[in-house]
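Chain naming here is simple, since letters A, B, ... match the order of the sequence lines and numbering starts at 1 in each.
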Amino acid sequence: MTQTTIQQIFSNYMTKQPLFINKKALTTSYTPENVPHRDEQISQLASILTPVLKRERPSNVFIYGPTGSGKTLVTQYVASELKGAAEKNGIPFHIVYVNCKMKRVADTEYRLLAHLSNLLGKEVPPTGLPTDQVYKTFFGALDEREGVVIFIIDEIDALIKKVGDELLYNFTRINQDVKNVKVSFIGISNDLGFTENLDARVRSSLSEEELIFPPYNALQLQRILTERSNLAFNKGKVADGVISKCAALAAQEHGDARRALDLLRVAGELAERENAQMVEEKHVDAAESKVDMDRIIETVKMQPKQSKAILYSIIYLTRGEEKTCLSGDVYDEYVRICKIIGLKPLTQRRVSDIISELDIMGIITSKVISKGRYGRMRDIGLAISAEIYQKLLNFLKSDFGFD
DNA sequence: AGTCCACAGGAAGGGCAGGCGA
DNA sequence: TCGCCTGCCCTTCCTGTGGACT
């Protein structure tokens, strides 16, 4: 390559109009100025929360809806608008947001309380204190405030499934333990049947109001994407059909707006990388498999060695074909792999739990079957495409030092 | 109808790392 | 330093179970 051509590449790069103006507009953390297709939910939530402006405690609210249906966005949007209105009128009002799915942050009772206390300005160490002490610190931190405090607890079902509903029971009684503030809760959950398993007292007092968020349809997704892509991309850099394709793909996945935005963002990144003039439909196709692949490979990377060995056993037995295997065989294979890589095998009981975890992560599918006289066991298959299978296999092999 | 397989999955508790207060 | 507390990962022990076989 001559020096002139290199210079040309640089100058092309500098003079060419970039695809993106503001990539952040396509991320989930971005809060847009308005939230389309959620007017009803916004006004419902706003009217539930308005007592704040009269210095009164609003009802507790439970919000349900599938992933990417705008629950978190709407809640944060309404809360911040309310905060603006409260500030204008000199009314003390605080919002505390926490997501219970954040590993090692708020996925246990202790961690949630410690995290909330930290957000309220009272430091609590990540471990080491008795729980009642943490409750005391939390109440203390709360009582130093004035007016109304609203806790937004996102993915609350994940937490309660893990720690039980006693925590929520304590929350329902919180207003008896503090003097200076009035406290309300907004619980956000993907699981519609979540409150059915709750203690009746907890259910009635925590879900004084309920809001349901339906999934977006393809047309609604299209409008959301158009709005965001106008913010994110330079004019004329997105080909016709790209947005509707992203919307259609995401609509198939239960109207998940988050996925639609991911697809568009990744398609843009892929187009940028190959120096394309604009984002085209082929980039969306490539983005679709990349989004899935990245999610799965990243999830597997974070797993401990034991889980990887179990997953490898399943992959080995099914060989990526549409074949399934049985839990007993997986355990035998896993023990064999452990011997090869010098790992102490876990018990069958623990392996059974890890198989369930892999199932929840969406990497495998498993169902309990009975073979009558020959016992009851789990039938396990892979839940990933052939392309991802190959990539995952290569990753695991290199991780274990196999060739 | 009763038996029996090969597990699933609940309950209890052990061992460990790590923080706090005395 | 010690005793006590926590979460986390794991084992041990146990009961439950769908359906083929007798």
Q) In whole Å, what is the span from the OH atom of A/Y374 to the C1' atom of C/dG18? A) 15 Å
Q: Using distance alone, with no hydrogens and no angle criterion, decide if A/D359 and A/S366 have a side-chain donor and acceptor under 3.5 Å apart.
A: yes
Q: Measure across A/P215 and A/G255 and return the closest heavy-atom pair with its distance rounded to 0.1 Å.
A: CB-CA, 4.3 Å
(Q) Please report the distance, rounded to the nearest Å, between NE2 in A/H115 and P in C/dG7. (A) 17 Å
Q: Considering just the side-chain nitrogens and oxygens of A/R373, establish if one lies under 4.0 Å of OP1 or OP2 belonging to B/dC4.
A: no
Q: Please figure out whether A/G375 or A/I355 has its closest DNA chain B nucleotide nearer the 5' end.
A: A/G375
Q: Please tell me which of the listed nucleotides, C/dT11, B/dG10, C/dA20, lies nearest to the side chain of A/T347?
A: C/dT11
**Q.** Polar contact flag, side-chain donor to acceptor under 3.5 angstrom, A/R378-A/S356
**A.** yes
Q) Nearest nucleotide by nearest heavy atom, which residue falls closer to the 5' end of DNA chain C, A/K371 or A/R376? A) A/R376
(Q) If you compare every side-chain N and O of A/S327 against the phosphate oxygens of B/dA8 (OP1, OP2), does one of them come in below 4.0 Å? (A) yes
Q: Send over the distance from A/E357 CD to B/dG9 C1', rounded to a whole Å.
A: 13 Å
**Q.** Atom-pair distance (CE on A/M377; P on B/dG9), nearest Å
**A.** 13 Å
**Q.** Rounded distance (Å) that lies between atom C1' of B/dA12 and atom CZ of A/R349
**A.** 12 Å
Q) Between C/dC10, B/dG9, C/dT6, which one does the side chain of A/L346 approach most closely? A) C/dC10
Q: Take the protein atom CG of A/L343 and the nucleotide atom C1' of C/dC9, then report the distance between them rounded to whole Å.
A: 14 Å
Q | For atom CD of A/Q348 and atom C1' of C/dC14, their distance in whole Å | A | 15 Å
Q.
When you measure from the centre of the six-membered ring of A/F20, is the NZ or CZ of A/K23 closer than 6.0 Å and no more than 45° off the axis?
A. yes
Q) What is the distance from CD1 of A/I360 to P of B/dG9, rounded to the nearest Å? A) 10 Å
Q: Please identify each residue that fulfils side chain to side chain donor-acceptor pair (under 3.5 Å) with A/N180, with sequence neighbours left out.
A: none
